[in-house]
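Structure first, then comments.
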Amino acid sequence: MGKRQADQAQPTAKGYFASIFARDPAARSWFDIVTLYPGVHALALHRVAHGLWRRRWRWSAQAVARLSRFLTGIEIHPGARIGRRFFIDHGLGVVIGETAEVGDDCTLYQGVTLGGTTWQREKRHPTLGNNVVVGAGAKVLGPILVGDGARIGSNSVVVKDVPAGATVVGIPGRVVVKRAARERSRAALAQRIGFEAYGQAAQMPDPVAQAIDRVLDHLGGVDRRIEQLYEELHKAGIPLGTLTEEVAHGGDGAAQSEIAPDLKGVRADNS
């Protein structure tokens with residue numbers, strides 16, 4: 001059994017507190033977490049309610065869930081299945097439905113809804129994999145699957161499956177495709193021209209960042225074409241230094257007339 005598997009097989013309060021410290025920079029001590037964090041209180045009461053629900057003590061389970069909602073502002077149906085090290089930050093207004101399933105190390109922020117889209121007695125709420133983060137105000141609806149490591153942006157409405165590791169934003173939610181190679185090219189070009197690109201994280205794209213991305217992509221294409229042109233000029237034996245000086249200083253008609261036929265030949269070859 002690996003180290004991670006052993007940690008999951010024997011979850012401890014220390015490990016749970018450590019996971020909260022890692023996800024919430026405002027956490028100062030385990031005493032603060034135990035006494036002041038409504039997400040921790042809601043999870044503890046849900047463990048009690050879910051145990052009663054599994055033993056078919058349905059009224060008692062519902063009563064504990066209602067008490068939890070009254071005390072914390074977080075509503076978790078006692079039938080929902082919650083994994084290890086689950087953390088609700090802030091928490092007010094979070095609603096998790098009866099058939100929802102949440103994996104290990106997931107994080108939800110305030111106003112999140114894991115809701116259903118049908119009145120039928122069937123699987124009607126979403127399933128979240130491990131290490132999923134759902135931003136404030138997001139609505140994840142229906143019996144869909146959110147893959148491991150996925151990110152759902154604030155105020156998004158997600159009604160379709162989300163691939164593992166993907167990021168979803170917007171209404172309706174759409175997957176932000178990861179393009180690592182293109183992003184690296186943009187970053188290199190931005191650094192070369194003296195501009196520090198921002199908003200590159202796929203988690204929160206914005207129109208300005210997208211417009212800058214398009215400009216950087218265009219400049220990258222122009223650079224590649226210029227490099228190809230220089231290569232063709234070099235193959236044609238045209239002295240690039242002389243050409244540059246003539247263009248910069250105006251040059252004389254004779255020099256330009258000598259260069260012009262060679263350029264025409266290059267254009268003809270390229271066509």
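Between Ala80 and Gly97 the shortest heavy-atom distance is CB-O, 3.3 Å. Of all heavy-atom pairs spanning Ser68 and Ala42, the tightest one is OG-CA, 3.6 Å. Here the closest heavy-atom approach between residue Gly153 and residue Ser156 is recorded as O-OG, 2.9 Å. Counting all heavy atoms, side chain and backbone alike, Ala61 lies closest to Ala49 at CB-O, 3.3 Å. The shortest heavy-atom contact between Gly129 and Cys106 is O-SG, 3.0 Å. Heavy-atom minimum distance, Thr117 versus Pro143: OG1-CD, 4.2 Å.
Between Ser154 and Val169 there is no side-chain heavy-atom pair separated by less than 4.5 Å. A heavy-atom distance below 4.5 Å is found between the side chains of His77 and Gln62. At least one side-chain heavy atom of Ile88 sits under 4.5 Å from a side-chain heavy atom of Ile76. Side-chain contact check for Val175 versus Thr167: every heavy-atom pair is 4.5 Å or farther apart. Side-chain contact between Val94 and Leu92 is absent, with no heavy atoms from C-beta onward closer than 4.5 Å. Contact check for Arg69 versus Arg66: side-chain heavy atoms found under the 4.5 Å cut-off. The closest side-chain heavy-atom distance from Ile33 to Phe21 is below 4.5 Å. Contact annotation: the side chain of Val40 approaches that of Ile20 to within less than 4.5 Å [non-hydrogen atoms, C-beta and beyond].
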Decide side-chain contact (heavy atoms from CB on, under 4.5 Å) for Phe17 and Val34; before the verdict, give the C-alpha distance in whole Å, the side-chain angles of both, and the deciding distance to 0.1 Å. CA-CA 9 Å; Phe17 291 145; Val34 171; 3.4 Å; yes
Trace of the side-chain contact (heavy atoms from CB on, under 4.5 Å) decision for Leu43 with Tyr16: CA-CA 12 Å; Leu43 179 60; Tyr16 181 56; 3.4 Å; yes
What verdict does the side-chain contact (heavy atoms from CB on, under 4.5 Å) test give for Val134 and Val140, after you've listed the backbone C-alpha separation in whole Å, the side-chain angles of each residue and the deciding distance to 0.1 Å? CA-CA 9 Å; Val134 184; Val140 186; 4.3 Å; yes
For the pair Lys123 and Glu101, evaluate side-chain contact (heavy atoms from CB on, under 4.5 Å) and give the outcome as yes or no after the intermediate values. CA-CA 10 Å; Lys123 172 66 173 172; Glu101 300 178 44; 3.5 Å; yes
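A distance of 12.0 Å separates CG of Leu114 from CD of Glu75, quoted to the nearest 0.5 Å. A distance of 12.0 Å separates NZ in Lys139 from CD1 in Ile152, rounded to the nearest 0.5 Å. To the nearest 0.5 Å, atoms OG (Ser19) and CZ (Arg84) are separated by 12.5 Å. The distance from atom CD of Glu232 to atom CD of Gln228, rounded to the nearest 0.5 Å, is 8.0 Å.
Taking hydrophobic clusters as Ile, Leu, Val, Met, Phe, Trp and Tyr residues chained together by side-chain heavy-atom distances below 4.5 Å, Phe86 does not share a cluster with Leu45. Connection of Trp30 to Phe87 is established within a shared hydrophobic cluster, with ILVMFWY side chains joined at heavy-atom distances below 4.5 Å, either directly or through further cluster members. Connection of Ile144 to Val112 is established within a shared hydrophobic cluster, with ILVMFWY side chains joined at heavy-atom distances below 4.5 Å, either directly or through further cluster members. Follow the hydrophobic side-chain contacts under 4.5 Å out from Val222 and you reach Tyr230 in the same cluster.
Other cluster members for Leu141: Val157, Val159, Ile171, joined by side-chain heavy-atom distances under 4.5 Å among Ile, Leu, Val, Met, Phe, Trp and Tyr.
Residue Arg85 is tested with Asn130, Asp104, Asp105 for a side-chain hydrogen bond (donor to acceptor under 3.5 Å, both in side chains); the sole match is Asp105. Partner of Leu108 under the side-chain contact (heavy atoms from CB on, under 4.5 Å) criterion, chosen from Asp89, Val132, Leu128, Val133: Leu128.
Using modelled atom types, one finds a donor on one side chain and an acceptor on the other under 3.5 Å when comparing Thr107 with Arg23.
Judged as a side chain to side chain donor-acceptor pair (under 3.5 Å), the pairs with a partner in residues 36-58 (not counting sequence neighbours) are, in order, Asp24-Tyr37.
Thr35 places a side-chain N or O within donor-acceptor distance of the main-chain N or O of Phe31, the cut-off being under 3.5 Å. Although no hydrogens or angles enter the test, the distance criterion places no donor-acceptor pair under 3.5 Å between the side chain of Asn131 and the main chain of Asp148. Counting only distance, with no hydrogens or angles, the side chain of Thr113 and the backbone of Gly115 share no donor-acceptor pair below 3.5 Å.
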